[in-house]
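For reference, the structure discussed in these notes is given below.
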Amino acid sequence: TQLLEQSPQFLSIQEGENLTVYCNSSSVFSSLQWYRQEPGEGPVLLVTVVTGGEVKKLKRLTFQFGDARKDSSLHITAAQPGDTGLYLCAGASLQTSYDKVIFGPGTSLSVIP
Amino acid sequence: DTAVSQTPKYLVTQMGNDKSIKCEQNLGHDTMYWYKQDSKKFLKIMFSYNNKELIINETVPNRFSPKSPDKAHLNLHINSLELGDSAVYFCASSQALDTATNEKLFFGSGTQLSVL
């Protein structure tokens with residue numbers, strides 16, 4: 001059974017601080033996605049990483065896919081209150097004819113003004 | 001324009017009742033999904049349909065029956081509701097079955113189901 005773990009589970013920081021959240025698995029994934037979910041809403045995709053070692057930047061957010069495609073990290077620079085939300089990583093593994101996407105348990109981030 | 005819309009937003013019902021949640025997407029996508037998010041925010045896939053054909057059924061009890069009248073709609077009917085069914089149910093869609101590269105999941109805003 002493929003599982004994704006995320007750490008930390010909860011994170012509360014002051015505005016302007018930097019932070020990193022992690023997504024780990026013992027399984028290899030063909031791609032990994034990061035989503036942000038705000039209260040009362042569905043998850044919204046932030047990025048997809050496909051190649052081992054790949055680094056993608058989205059403004060103050062930096063995403064990295066591990067060389068072995070088993071783990072990923074999300075680094076936020078100078079966090080702002082608008083970054084508050086639940087960050088979910090999702091790994092896709094190729095089945096016979098479709099991708100099966102599984103989600104990690106999420107990191108709940110609170111950025112205090 | 002809402003890309004993936006599901007109704008109702010909130011559903012409160014008694015144990016043993018039968019209820020339905022509707023989902024529609026106006027993105028022209030071929031694939032639709034139902035996910036369940038429990039109280040710990042863990043998001044787990046239940047079903048996936050591609051062009052009205054069932055692709056994924058993740059050992060969900062038979063009391064849950066998805067229905068796809070066309071590729072823009074995927075409704076979820078639940079019979080004999082149980083306390084453990086309380087959760088937030090999300091509908092989602094993607095262009096194709098291959099989410100590995102540049103496809104992504106578009107989620108609805110969720111239906112919070114409370115079984116009393």
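Numbered from 1 within each chain, the chains take letters A, B, ... in sequence-line order. Quick note: numbers below take in every heavy atom, side chains included, and nothing from hydrogens, waters or symmetry partners.
Ion pairing between a basic and an acidic side chain is recognised when a charged N comes within 4.0 Å of a carboxylate O; E54(A) and K56(A) show such pairing.
Between T31(B) and I55(B), the closest side-chain pair of non-hydrogen atoms is not below 4.5 Å.
In this structure, F47(B) has its ring center at least 6.0 angstrom away from the ring center of F64(B).
At a 4.5 Å heavy-atom cutoff, the contact between K9(B) and chain A is made by side-chain atoms alone. Only the side chain of Y35(B) comes within contact range of chain A, with heavy atoms under 4.5 Å apart. Of the atoms belonging to Q112(B), not a single heavy atom falls under 4.5 Å from chain A. K40(B) touches chain A through its backbone: at least one of N, CA, C or O sits under 4.5 Å from a heavy atom, while the side chain does not.
Considering only heavy-atom pairs separated by less than 4.5 Å from chain B, the leading option among Q9(A), Q37(A), E38(A) is Q37(A).
Among residues 82-91 of chain A, the residues having any heavy atom closer than 4.5 Å to a heavy atom of chain B are, in sequence order, L86(A), L88(A).
Taking the six-membered ring for Trp and thresholds of 30 and 60 degrees, F90(B) and F107(B) have ring planes more than 60 degrees apart, a perpendicular arrangement.
The number of heavy atoms from other shown groups lying within 6.0 Å of CG (D70(B)) is above 12.
A donor and an acceptor atom, one from each side chain of T20(A) and H75(A), are located under 3.5 Å apart. Side-chain N/O atoms of T77(A) and N18(A) include no donor and acceptor closer than 3.5 Å.
The heavy-atom pair separating M46(B) from K36(B) by the smallest distance is SD-CB, 3.7 Å.
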